[in-house]
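Right, one structure below, let's go through it.
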Amino acid sequence: MKRTLITSALPYANGYIHLGHAAGAYLPADIYARFLRLSGEEVLYVCGSDEHGVAINISAEKEKVTPKEIIDKYHNANYEAFNKFAMTFDIYSRTSTDVHHRTAIEFFEDLLSKGHLAEKDEEQFYDKKAEMFLPDRYVEGICPNCGYDHARGDQCDQCGAYYNQLELKSPKSIISGETPIVKKTTHWYMKFGDFQQFLEKYIEGKSDSWKDNVLQQSRSWLKQGLADRAITRDLNWGVRLDRVHGIDKEKAKGKVLYVWFDAVLGYISMTKEWAEAQAKNNNGTSEDWKKWWQDSDTRYVAFIGKDNIVFHTLIFPAMLSAKGGYILPNNVPANEFLNLEGRKFSKSMNWSIDLRDFQKDFPDAQYTDSLRYTLAMNFPESRDSDFTWKDFLNRNNNELADIFGNFVNRVMQFVFKNFGQKVPTLSETSKSLVGDWNNLIDYLESSFDGNFDKAYNSIPEKQRQQFSNEELSLIFALWKGAKETTRLYNKFKFRDAITETMNIARAANKFFNDAEPWKAIKQDPEKAVRSLFICVQLVHSLSIYFAPVLPNSSKRIQMLFDFDVEVGNANGAKAGENYWLTAVYPSIEEGKKLQQPSIIFNKIEYSTIEPQIKKLGENNGAKADELIDFEYFQKIKLKTAVVTAAEKLKKSKKLLKLKVKIGDKEKQIIAGVAEHYEPEYLIGKVIVVVDNLQPAKLMGEESQGMMLAASTDDGKLCFVTPENSEIPDGAEVR
RNA sequence: GCCGGGGUAGCUCAGUUGGUUAGAGCAAUGGAAUCAUAAUCCAUGUGUCGGGGGUUCAAAUCCCUCUCCCGGUACCA
């Protein structure tokens with residue numbers, strides 16, 4: 001029996017999940033997990049919050065709360081949003097647990113003892129008063145490049161320069177305000193070079209089965225050669241090194257594991273936690289996690305976004321193999337990125353839809369399914385793709401409501417009105433229908449060689465005659481659709497898989513049309529009975545095949561039959577029945593009483609999504625509410641200037657080198673307008689410049705001012721010029 | 001600058017061991033039907049497969065080159 005471990009990239013507990021995340025690493029994994037569970041396979045789906053790293057410290061300080069409060073807030077919010085999104089994690093935990101810290105330390109100690117870690121001394125700022133080393137973002141000083149006096153430890157916000165911390169002038173600790181001293185500190189590096197050959201072999205071994213983008217990016221890193229990588233940092237938030245045996249206690253003080261090292265191990269620690277919980281409920285032992293990580297019969301599939309590829313194809317495998325005894329990912333089906341209305345998701349530009357916002361505006365479970373469907377049909381499987389509200393509306397109305405929902409409804413309505421709320425009872429001459437259907441499927445299964453046309457044509461005459469042409473094509477379409485859906489899910493081609501499922505619903509509608517039961521009920525009642533009996537089976541089959549992507553709706557449909565609901569929910573990682581296989585056979589008994597049906601998918605009006613579209617990009621970035629006083633403005637000297645020379649800066653896409661005349665002064669200004677203006681066009685133009693701007697060096701050229709230009713969100717740009725170009729250069733602008 | 005991905009029908013996208021008239025869904029047009037949420041079903045595509053060049057009997061597919069978009073990374077800031 002196959003066993004499959006599924007993980008999704010651990011979301012960082014520093015922000016809310018948005019639709020891009022959902023489409024990248026979470027929904028695909030959930031669909032896959034549900035598909036496998038419905039196929040009767042043993043599945044464990046593990047995920048949880050990544051709660052370490054300096055970004056969480058920074059957020060905590062910004063919001064003036066503890067890191068613990070930050071991670072609690074986002075962990076809980078994301079967990080809730082995932083639940084409403086119908087995710088079926090077997091466990092959704094977090095990396096702040098003790099079992100996680102112990103697991104991470106175990107790996108560290110093991111790698112240390114095997115010589116895969118290197119200790120390196122380096123000099124860093126140390127705050128004597130706070131008794132701690134200062135990470136880059138905890139130091140402020142004067143930028144060695146532009147002189148900005150609030151530059152951060154490793155990067156200047158003003159001029160953007162990167163530099164070594166120690167180059168910062170007049171450094172101050174932002175914790176105590178004291179001047180830090182320079183002190184030696186020790187960090188541990190993982191020697192990834194040790195694993196170069198191993199990883200090359202591993203990656204090439206996957207060249208047939210992995211997606212191209214995943215292979216290429218992994219190869220690209222391998223080609224550059226794997227360098228040592230620091231796996232510790234000076235920080236008080238994270239997996240503390242002072243718990244590690246085998247290293248100098250003094251050196252370990254105030255250090256934690258670098259977040260990327262511990263985060264991937266969360267998959268393992270969370271599995272341990274799951275096993276503990278199962279053991280408590282007498283469902284196995286706490287050692288059961290080993291079955292999922294140390295048994296070569298287990299397939300491991302890691303769902304991630306493309307930003308995470310190297311961590312899961314190179315770094316994590318290196319760690320696992322260094323530790324030894326662990327299985328490696330069988331597949332890493334990384335998705336590309338999802339865009340929103342043609343642009344990248346950006347929280348700061350307010351160009352985003354958080355899952356929780358969607359859920360607030362569309363609380364009904366049917367819209368969860370609509371969203372899952374729309375996202376799934378737009379999964380960025382082979383390149384970046386786009387989510388639009390219009391598409392959401394179209395998919396919901398034209399596909400879910402009109403094709404799938406309407407089929408279910410028309411069948412149920414018809415049965416209710418004409419057959420007394422019961423599955424129609426077959427007449428004597430049709431009694432063999434169920435058996436014939438079963439035999440037809442069995443024949444197709446046994447003779448299938450991959451060619452569907454051939455399969456259809458090879459159906460023996462005797463079996464053909466047991467059905468009308470319409471019936472035969474419908475049952476064939478069901479079998480083919482199920483077969484294709486299965487094949488495509490197994491290849492991680494979810495969009496195509498779901499299209500095939502929808503094709504079954506299309507065939508079902510066609511059958512209903514062709515069978516014309518509304519006529520037959522009067523002229524040929526037996527035909528109507530047969531047709532509707534078949535249609536009822538199809539309703540049930542569709543509820544299984546759509547369950548991975550539309551669990552809420554499938555559940556509602558299955559409840560019409562008073563069955564145990566089977567939509568691939570988490571099931572304690574037990575092997576189950578293969579509903580996926582049996583759904584091609586008729587399973588709803590004649591005469592069965594049905595529940596009152598209701599509309600599965602309501603349509604969405606354009607007026608519902610209109611405000612959603614409008615909302616995007618509102619209130620972005622600018623602090624419009626921050627006012628400056630007149631005195632402040634007086635400090636800014638704006639002058640008109642005439643461009644006397646302009647040329648492109650070599651090696652730069654965006655920058656032009658301008659010579660400008662401001663009255664009797666000449667200045668050189670580096671302006672970022674090369675993508676918008678040809679140098680020649682600017683010569684002779686009168687522009688407006690900031691005359692008293694601190695000079696800065698850009699690409700080795702000094703810029704002594706700034707050219708004013710108006711810009712739009714979508715990157716269009718035009719320079720500011722006086723209305724009357726007769727105005728002399730050097731005139732003050734105010 | 002370097003590396004990688006991408007540019008295919010009005011829209012969103014499939015399409016690699018190079019091979020017959022380049023596909024799907026949506027949208028559009030016409031028709032059939034009226035059980036059903038005016039929902040369904042059938043029919044209908046003159047696409048420079050980003051531009052140019054090359055290899056080949058044959059190129060969306062392989063090679064070269066140009067161009068545009070996206071990501072990563074480096075240098076300089």
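So you know, we letter chains A, B, ... as the sequences are listed, proteins then strands, and number each from 1.
Residue A:Lys390 places no side-chain N or O under 4.0 Å from the OP1 or OP2 atom of B:rC26. Contact check, A:Lys306 against B:rG5: no side-chain N or O comes under 4.0 Å of OP1 or OP2.
Note on A:Asn378: only backbone sugar-phosphate atoms sit closer than 4.0 angstrom, heavy atoms only; bases stay farther off. The residue A:Ser385 sits close only to the backbone: its heavy atoms come under 4.0 Å of sugar-phosphate atoms, none of a base. Residue contacts shown for A:Glu399 are limited to sugar-phosphate atoms, with no base heavy atom under 4.0 Å away. Contacts of A:Asp386 with the nucleic acid, taken as non-hydrogen atoms under 4.0 Å apart, involve only primed sugar atoms and P, OP1 or OP2.
In this entry B:rC62 has B:rG54 as its Watson-Crick or G-U wobble partner, both defining distances falling under 3.5 Å. Base pairing of B:rU20 is not made with any nucleotide, judged by Watson-Crick or G-U wobble geometry with both donor-acceptor distances under 3.5 Å. Under the Watson-Crick and G-U wobble criteria, each requiring two contacts below 3.5 Å, nucleotide B:rG4 is paired to B:rC70. Nucleotide B:rG30 is matched to B:rC42 when pairs are restricted to Watson-Crick or G-U wobble geometry with both distances under 3.5 angstrom. B:rU37 is unpaired under the Watson-Crick or G-U wobble criterion, no partner having all donor-acceptor distances under 3.5 Å.
Across the interface with RNA chain B, nearest-nucleotide mapping of A:Asn503 and A:Val411 shows A:Asn503 to be the residue nearer the 5′ end. Where A:Phe601 and A:Asn513 each meet RNA chain B at their nearest nucleotide, the meeting point lying more 5' is that of A:Phe601.
Closest to the side chain of A:Asn409, out of B:rA36, B:rC35, B:rA14, is B:rA36. Distances from the side chain of A:Lys519 to the nucleotides B:rA33, B:rG25, B:rC35 place B:rA33 closest. The side chain of A:Asp514 approaches B:rC41 more closely than any other nucleotide in the set B:rC35, B:rU37, B:rC41. The listed nucleotides are B:rU37, B:rA14, B:rA33; the one nearest the side chain of A:Ser382 is B:rA14. Residue A:Ile599 places its side chain closer to B:rU37 than to any other of B:rU37, B:rG25, B:rU40. Comparing B:rA39, B:rA14, B:rC13 by their closest approach to the side chain of A:Asp496 singles out B:rA14. Of the candidate nucleotides B:rA33, B:rA24, B:rU40, B:rA24 has the atom lying nearest to any side-chain atom of A:Thr499. Of the candidate nucleotides B:rC35, B:rU12, B:rA39, B:rC35 has the atom nearest to the side chain of A:Phe512. Minimum atom distance to the side chain of A:Asn398 is reached by B:rC26, of the listed B:rC26, B:rU37, B:rU40. Listed nucleotides B:rU12, B:rG15, B:rC41 differ in distance to A:Asn509; the shortest reach to its side chain belongs to B:rC41.
Between B:rU46 and B:rG72, the distance separating the two C1' atoms is 42 Å to the nearest Å. Only the P atoms considered, B:rA28 is 24 Å distant from B:rA36, to the nearest whole Å. Nucleotides B:rA74 and B:rU67, compared at atom C1', are 24 Å apart to the nearest Å. Rounded to whole Å, the C1' atom of B:rC3 lies 29 Å from the corresponding atom of B:rU12. Atom C1' of B:rG23 sits at a distance of 22 Å from the matching atom of B:rC62, rounded to the whole Å. When the C1' atom is used for both B:rC13 and B:rU8, the distance is 9 Å, rounded to whole Å. Taking atom C1' in both B:rG54 and B:rG18, the straight-line distance is 15 Å, to the nearest Å. Taking the C1' atoms as reference points, B:rA60 lies 16 Å from B:rG52, given to the whole Å.
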>> Run A:Glu381 and A:Asn335 through side chain to side chain contact (heavy atoms under 4.5 Å, CB included) and show every step you take.
In response: CA-CA 5 Å; A:Glu381 287 172 355; A:Asn335 269 337; 3.9 Å; yes

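Of the possible polar contacts, none joining the A:Arg556 side chain to the A:Gln366 backbone as a donor-acceptor pair under 3.5 Å is found.
Among A:Tyr373, A:Tyr606, A:Phe358, the single residue meeting the ring-ring contact (aromatic ring centres under 6.0 Å, His included) criterion with A:Phe392 is A:Phe358. Tested against A:Thr485, the residues A:Thr499, A:Thr501, A:Asn490 include a single side chain to side chain donor-acceptor pair (under 3.5 Å) partner, A:Thr501. For the ring-ring contact (aromatic ring centres under 6.0 Å, His included) with A:Tyr32, the qualifying choice from A:Tyr26, A:Phe303, A:Tyr489 is A:Phe303, the only one to do so.
Ring-base stacking between A:Phe414 and B:rC35 is not satisfied when judged by a centre separation under 5.5 Å and a plane angle under 30°.
For the pair A:Ile600 CD1 and B:rA36 C1', the interatomic distance rounds to 13 Å; values are reported in whole Å. The CH2-P distance, from A:Trp389 to B:rC11, rounds to 23 Å in whole Å. Here B:rU40 presents its C1' atom at 15 Å from CG of A:Leu474, a figure rounded to the nearest Å. Rounded to whole Å, atom C1' of B:rA39 lies 13 Å from atom CE of A:Met502. To the nearest angstrom, C1' of B:rC70 lies 15 Å from CZ of A:Arg343. In this structure, A:Lys603 places its NZ atom 15 Å from P of B:rA36, rounding to the nearest Å. With rounding to whole Å, A:Phe511 atom CZ is found 17 Å from B:rC35 atom P. One interatomic measurement links the two molecules: CZ of A:Arg506 to C1' of B:rC42, which rounds to 14 Å at whole-angstrom precision.
The environment of A:Lys306 atom NZ is dense: over 12 non-hydrogen atoms of other residues, nucleotides or ligands sit within 6.0 angstrom. When the shell of 6.0 Å around NZ of A:Lys555 is examined, it contains 12 or fewer heavy atoms from other residues, nucleotides or ligands.
With a 6.0 Å cutoff to the six-membered ring centre and a 45° limit on the axis angle, A:Arg410 does not count as a cation-pi contact of A:Trp518.
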